[in-house]
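In this chain, residues are counted from 1 in sequence order.
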Amino acid sequence: MEVIVAKTAGFCFGVKRAVDEVYNQIRTGRKPVYTYGPIIHNQQVVDELSAKGVKVIRSEEELSHIHEGTIIIRSHGVPKRIQELMEKSGADVVDATCPFVKKIHHIAEEAGKHGDVLIIVGDPDHPEVQGIMGWTDGEVHVVRDADEMEKFELKPGSHAVIVSQTTYNKRKFEELVDIFMKKEYICNVNNTVCSATDKRQTEAREIASKVDAMVVIGGRHSSNTQKLYQICSEECTHTYFIETLVDLDMKPFQSFSRVGITAGASTPKSIIEEVTLMSEEMNVEENDFEKMLNESFKTVHNGEVVEGTVIDVKPDQAILNIGTKADGILTRNEYSNDNSLDLTTVIHVGDKMEVKVMKMNDSEGQTLVTYKRLAAEKGNKRLEEAFENGEVLKAKVVRVLNGGLSVNVEGARVFIPASLVSDTYEKDLNKYMDQEIEFKVIEFNPRRRRIIGDRKQLVVAEKKKAQEELFSRIHVGDVVEGTVKNITDFGAFIDLGGADGLLHISEMSWGRVDNPRSIVSVGDKIKVLIKDIKGDRIALSLKFEDQNPWLTAADKYAAGTIVTGKVARMTDFGAFVELEPGIDALLHVSQISREHVNKPSDVLSVGQEITAKIVDFNAQDRKISLSMKALENDREADEPMQRLEVPADALAGQDDKDE
């Protein structure tokens, strides 16, 4: 079977640019990352980003609650009003709108300024079209198909500007424009079908017209993938629409000699490679299987399992006495898939081996036997039992492929697609080479050489079990131990063994913390206090109550006490002075000096050490008031008063006056 893969299959420029931008923001690790709507119409990619903490904003109402972090505009773009709301939210905005879509926004905006009627050819429910509609202040209409264009009418004297959804079928767009032009309206036509989309559709049509079956890969909600499926279906009766390899039933493909593969603009390369690899390997192994099957019918003894004794071994073959006139010949290829293996290192004279007869009495009077295929059959039997019983198997990874992993179970091979290796996207699968991993067989069809394993469900189940166990035993107020997993500017995520908890920067110390990395490091094991549990979210703290500095503050900071501290921060009405970590006192601007001070920064600076007198201590509200002016008054009162000399005659007659 020949497999033809479209050169244009997979991420287009705009989609790749948007997805790359999300990963770039994740790598910074500085802020929460949001996308306005799913970044692309591919659930596997969206799930992967969600696992990395990327949140999807699905409505204007949700947007109104975002005031920090980074919001990424996906390649579809958004209405102008929504973009302005984002820019006013307080969050950083990264515009990943596809440049081709952005061009349409400019056309729409100009149309509105000139009072032109904007006509968009496309799907009114598609986010790209909804975004375009939001960039014109004038009259706008969306035309879906030829029937709607036939019925469409403009007011006399109107001037129209026509654009297209970038993923619309180019040929159908031209048909709709022809219908409109026959109405003799004044118009300006802009063919804004993306060139990449046009090439993808043209190539898909060409391949579909030459093959027996066509596989279209992409998200069910992807508009451009749906159009590819429509185009291919027009050219090829056997056209299949799938999201991942798991959706593809290979059984019908046994009768096809040529198969074509294409994919939508939102389909990751890894999924395309999985489907391609399985199709190619199924073809090779199917031919081997059919050859063995045909040969097994040449004599009644072919296919029989016998035990033999090794009587001679060479690097490329072994000779066995199988109890017949002709000895059994076991070649290197029928012992192992390793073409460089020296049989003398693994087989020895006198060894007893169980083999399967492949061909009796060939032209040289010898019997060909196989060890590899017999082992595979035994392995297949083991896999069939595991498949039917839902058993968890453990096997060694023997090969890392572009589309997944190959594991060996007692001589039989199981393919685990990359999408089913873990619950998160694994960019590099090489770390699994030669490792033993657990999995379940989710599809078993040895005749078609299609045996699929799934490790992801075990990983998910294990994490869920650990999470349930954790939540069943923890309570607010508990002190637990965890490991620092990740650090951001706003705090650190602590692995508690089943779920992560957030240790916010404000909960890292009773004192002020400017940088979480000054308190914890990735890999640190720390004891934390569970402050709050809401659903699956756990809030943590390092502010243990027995270490609260306010417990002894009344003894240290009674009114009248002279203290020394550092200026921590300033406002127009005063400066906050840190007396010790966790205890700040207010030095009001009026208490800085006996002389008039406009604002604290005129005479003080952050970090400056000052001495002041405590004039008020409020334990209930945890407030302390300071005064530097009171110290000045105290010092003046302590200075010796100068004696006032009064002449004696000035006092003469004073007694008379008093009388």
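The closest donor-acceptor contact from the side chain of T488 to the backbone of G491 lies under 3.5 Å. Put simply, the side chain of R258 never gets that close to the backbone of E2: no donor and acceptor are under 3.5 Å apart. D316 places no side-chain N or O within 3.5 Å of a backbone atom of R332 that could act as its donor or acceptor partner. A donor-acceptor contact shorter than 3.5 Å links the side chain of S233 to the backbone of Y229. R200 contributes a side-chain N or O that, together with a main-chain N or O of A263, makes up a donor-acceptor pair within less than 3.5 Å. Side chain of Q25 to backbone of T70: no donor-acceptor contact under 3.5 angstrom is found. At distances below 3.5 Å, at least one donor-acceptor pair connects side-chain atoms of S472 with backbone N or O atoms of E469. A donor-acceptor contact shorter than 3.5 Å links the side chain of E128 to the backbone of T166. Distance alone, capped at 3.5 Å, places no donor-acceptor pair between the R74 side chain and the A18 backbone. A donor-acceptor contact shorter than 3.5 Å is absent between the side chain of K227 and the backbone of Y168.
In this structure, R17 and P99 have side chains that are in contact, with non-hydrogen atoms separated by less than 4.5 Å. Side-chain contact between V306 and E354: absent, with no pair of heavy atoms (C-beta onward) separated by less than 4.5 Å. Looking at V310 and H348, their side chains never come closer than 4.5 Å, going by heavy atoms from C-beta outward. Two residues are said to be in side-chain contact when any heavy atoms from C-beta on lie closer than 4.5 Å; E334 and M358 meet this criterion. Contact of the L368 side chain with the T370 side chain is not registered, since no non-hydrogen atoms from C-beta on lie closer than 4.5 Å. You'll find the side chain of I442 reaches within 4.5 Å of the side chain of L420, heavy atoms only. With contacts defined as side-chain heavy-atom distances shorter than 4.5 Å, the pair V414/I452 does not qualify. Contact check for D247 versus Y240: no side-chain heavy atoms found under the 4.5 Å cut-off.
Across all their heavy atoms, S419 and K456 have their closest contact at O-CD, 3.6 Å. Between A318 and I347 the shortest heavy-atom distance is CB-CD1, 4.3 Å. Heavy-atom minimum distance, D351 versus V346: OD2-O, 4.5 Å.
Counting only N and O atoms by type, the side chains of S257 and D212 include a donor and acceptor under 3.5 Å apart. For the residue pair D342/T344, the side-chain donor-acceptor check at 3.5 Å is satisfied.
Among I72, L49, V94, the one residue that satisfies the side-chain contact (heavy atoms from CB on, under 4.5 Å) test with V33 is I72. The only option from D495, D500, D524 that meets the salt bridge (Lys or Arg N to Asp or Glu O under 4.0 Å) definition with K485 turns out to be D500.
Heavy-atom neighbours of E462 CD from other residues, nucleotides or ligands within 6.0 Å: at or below the threshold of 12. More than 12 heavy atoms of other shown residues, nucleotides or ligands fall within 6.0 angstrom of atom CZ in R220. For OH of Y335, the number of neighbouring non-hydrogen atoms (other residues, nucleotides, ligands) closer than 6.0 Å is greater than 12. Annotation: K372, atom NZ; neighbour count of heavy atoms from other residues, nucleotides and ligands within 6.0 Å is above 12.
Scanning for salt bridge (charged side-chain N to carboxylate O under 4.0 Å, His left out) contacts around R517 gives D489, with sequence neighbours left out.
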Full working for side chain to side chain contact (heavy atoms under 4.5 Å, CB included) between Y425 and V45: CA-CA 8 Å; Y425 172 66; V45 175; over 6 Å; no
Side chain to side chain contact (heavy atoms under 4.5 Å, CB included) evaluation trace for I416 with I437: CA-CA 11 Å; I416 303 179; I437 62 173; 3.8 Å; yes
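Note on R450 versus E443: salt bridge recorded, some NZ/NE/NH1/NH2 to OD/OE distance being below 4.0 Å. At a threshold of 4.0 Å, the pair E48-K52 counts as salt-bridged, since one of the basic side-chain nitrogens sits closer than that to a carboxylate oxygen. Between E206 and K210 there is a salt bridge, with a side-chain nitrogen of the basic residue lying less than 4.0 Å from a carboxylate oxygen of the acidic one.
Rounding to the nearest 0.5 angstrom, the gap separating the CD atom in E468 from the CG atom in D536 is 12.0 Å. For the atom pair K7 NZ and T262 OG1, the distance stands at 13.0 Å (nearest 0.5 Å). From L228, atom CG reaches atom CZ of R205 across 10.5 Å, with rounding to the nearest 0.5 Å. Rounding to the nearest 0.5 angstrom, the gap separating the NZ atom in K396 from the CG atom in N408 is 9.5 Å.
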